[in-house]
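Since the structure is predicted, the reported quantities are computational estimates derived from the model, not experimental observations.
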Amino acid sequence: MFKEYKTIREVVGPLMLVEGVEGVTYNELVDIVCANGEKRQGKVLEIDRDRAVVQLFESSQGLQISTSKARFLGHSQQLAVSRDMLGRVFDGMGVPRDGGEPVIPEKMADINGEPINPAARDYPNEFIQTGISAIDGLNTLVRGQKLPVFSMSGLPHAELAAQIARQAKVRGGESNFAVVFAAIGITFEEAQYFVEDFKRTGAIERTVLFTNLANDPAVERIATPRMALTCAEYLAFECGMHVLVIMTDITNYAEALREVSAARREVPGRRGYPGYLYTDLASLYERAGRIRGKAGSITQIPILTMPEDDKTHPIPDLTGYITEGQIILSRDLYKKGMNPPIDVLPSLSRLKDKGIGRDKTREDHADTMNQLFAAYARGKESKELSAILGEAALSDVDKLYAKFADEFEKEYVSQGFETDRTIEETLDIGWKLLKILPRAELKRIREEYLNKYLPE
């Protein structure tokens, strides 16, 4: 049962003070009803005895507080969830943005979700094929994992996000695979790019898109990833689907969090971000995973642009602590014309060993992965040595490694944004590149695999 109050005392920007309230809870939804029947929404940001601070979702312009009343709805934000959400485009608050009818809900779900009981979690151990060699071959994504992409401003992370959303699949379970895409604080052009790209390739049929634009309120930006994850939880744990959640850009989300924190006059932490940034990000990332006894799963790829290209900035730093690895995009590779510009050496998937091998990818995957890493690292060293001391300082084997590094970037990493490779194609390209090196140098691959895949 909702409660109504005519005790709105003041409005400052998006914040409103309501006095004399009783039994109001943090995050509770509020309808502000004007004398002319116009309705605006907000949520409770802070409670101090009988005073509630409400954050409005829209502008407070033209609001007459003397004739308006605040109606507290008794629940926090909810999303109407249904299987019919697949193929639809919503705004950051879950309202259809594609001109279609509102979703007829199978249930109303609280967007803050409930934490997964750690004892009920199942270990991620199944391969997800993204069709991108630098991820599938060397930093494998596993079903139920959280694998963020660390990008820099100006790099094509939007194209990479669209490519993963288009191409990702669980082998053998394609029909039961869905993508929930949350675009947070992006421009109208970027939002159009994602919608058009998914429609052009037919990927929209298995995708739910939430788009929060740069000119939407900050408080909506905080709700957008939670809307997407609530939708994903319904599809995964109640409809038994394998769901991949892609969220871009988490940096915009953290900026909105800082803005709301400043409005509440909280004591700032590192670089002005609130002290609870870690727990807030964890409340999003930890909604990924698998639950014992349930067929579905949620795999997350959050994408964030590192401010000032700084890996030690609070947002990538804290994200790295909570998630299982990171895919790092490189400005140097991008300048060379490599797309996607994934820097495989500092990138890492901590669960890759669990999702590869016989019956998952192929028996030779682990050995070739280790050999490619080692050879590329040595090739980069050889190229640096050549730049400092000249090519004459390199041995014949060093020259082969330098050649390997160049070919590896051109053929393996730079596949473009339209090429979808199976894991077998990726592994075969790896073997083709390893032929550049003498057989005696391939010390990380078992003899039986050398004989099978690289005959004399």
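- Residue pairs that meet the ring-ring contact (aromatic ring centres under 6.0 Å, His included) test with at least one member in residues 113-140, sequence neighbours left out, do not exist here.
- Of the N and O atoms on the side chains of R226 and S283, at least one donor lies less than 3.5 Å from an acceptor on the other residue.
- Salt bridge K336/E409: present, at least one basic N to carboxylate O contact under 4.0 Å.
- One distance of note links CD1 of I327 with CZ of F150; it measures 10.0 Å at 0.5 Å rounding.
- Using a 4.0 Å cut-off between a side-chain N of Lys or Arg and a carboxylate O of Asp or Glu, D317 and K311 do not qualify as a salt bridge.
- Side-chain polar atoms of E220 and N212 form a donor-acceptor pair below 3.5 angstrom.
- Inter-residue side-chain proximity for S76 and N112 is flagged as met; some heavy-atom pair is nearer than 4.5 Å.
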task: In sequence, state the C-alpha distance, the side-chain angles, and the governing distance for S414 and N339, and then conclude on side-chain hydrogen bond (donor to acceptor under 3.5 Å, both in side chains).
output: CA-CA 5 Å; S414 184; N339 278 319; over 6 Å; no
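- A salt bridge does not link K199 to E196: none of the charged side-chain nitrogens sits closer than 4.0 Å to a carboxylate oxygen.
- R290 has a carboxylate O that lies under 4.0 Å from a charged side-chain N of E126, or vice versa, which qualifies the two as a salt bridge.
- Here E424 does not pair with R362 in a salt bridge; the nearest charged N to carboxylate O distance is not below 4.0 Å.
- Note on D420 versus K169: salt bridge recorded, some NZ/NE/NH1/NH2 to OD/OE distance being below 4.0 Å.
- Under 4.0 Å is where a charged nitrogen must lie from a carboxylate oxygen, and between E324 and K354 no such pair does.
- Between V54 and V18, the closest side-chain pair of non-hydrogen atoms falls below 4.5 Å.
- A salt bridge links D309 with R331: the closest approach of a Lys/Arg side-chain nitrogen to an acidic carboxylate oxygen falls below 4.0 angstrom.
- More than 12 non-hydrogen atoms from other residues, nucleotides or ligands lie less than 6.0 angstrom from CZ of R292.
- No side-chain donor from either of N370 and R444 sits under 3.5 Å from a side-chain acceptor of the other.
- Between P105 and V81, the closest side-chain pair of non-hydrogen atoms is not below 4.5 Å.
- Taking a cutoff of 4.0 Å between a charged side-chain nitrogen and a carboxylate oxygen, K452 and D367 do not qualify as a salt bridge.
- H365 has its side chain within reach of I423: a pair of non-hydrogen atoms, C-beta onward, lies under 4.5 Å apart.
- Between E418 and R200 there is a salt bridge, since at least one side-chain N of the basic residue sits less than 4.0 Å from a carboxylate O of the acidic one.
- Scored by the side-chain hydrogen bond (donor to acceptor under 3.5 Å, both in side chains) test, Q371 finds no partners at all (sequence neighbours excluded).
- Side-chain atoms of L284 and L229, non-hydrogen and from C-beta on, do get closer than 4.5 Å to each other.
- Checked by atom type, the side-chain pair R421/T426 shows no donor-acceptor distance below 3.5 Å.
- You'll find the side chain of L86 stays beyond 4.5 Å of the side chain of T207, heavy atoms only.
- A donor-acceptor contact under 3.5 angstrom links the side chains of Y453 and E363, judged on distance only.
- Salt bridge absent: E255 and R271 never bring a charged side-chain N and a carboxylate O closer than 4.0 Å.
- Taking CZ of R97 as the start and CG of D91 as the end, the distance is 5.0 Å to the nearest 0.5 Å.
- The pair R88-D98 meets the salt-bridge criterion, with a side-chain N (NZ, NE, NH1 or NH2) lying under 4.0 Å from an Asp/Glu carboxylate O.
- With a 6.0 Å radius and a threshold of 12 heavy atoms from other residues, nucleotides or ligands, D48 has its CG atom above the threshold.
- E266 and S261 are linked by a side-chain donor-acceptor pair at a separation below 3.5 angstrom, with hydrogens and angles left out of the test.
- Note on residues 298-307: pairs passing side chain to side chain donor-acceptor pair (under 3.5 Å), not counting sequence neighbours, are D249-T305.
- V179 is not listed as a side-chain neighbour of V243, based on a closest heavy-atom distance of 4.5 Å or more.
- Y273 carries R258 over the face of its six-membered ring, with the cationic atom under 6.0 Å from the centre and within 45° of the normal.
- Ion pairing between a basic and an acidic side chain is recognised when a charged N comes within 4.0 Å of a carboxylate O; E58 and R40 show no such pairing.
- For CZ of F188, the number of neighbouring non-hydrogen atoms (other residues, nucleotides, ligands) closer than 6.0 Å is 12 at most.
- Side-chain polar atoms of S349 and Q145 form a donor-acceptor pair below 3.5 angstrom.
- Within the model, atoms CD1 of I250 and OG of S151 stand 13.5 Å from one another, a figure rounded to the nearest 0.5 Å.
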task: Check the pair F210 / F181 against ring pair (Phe, Tyr, Trp, His ring centres under 6.0 Å), numbers first and verdict last.
output: CA-CA 6 Å; F210 290 87; F181 197 101; over 10 Å; no
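- Side-chain atoms of R166 and T201 form no donor-acceptor pair, as typed in the model, at a separation below 3.5 Å.
- Between V53 and V44, the closest side-chain pair of non-hydrogen atoms is not below 4.5 Å.
- Taking the six-membered ring for Trp, Y376 and Y412 have ring centres at least 6.0 Å apart.
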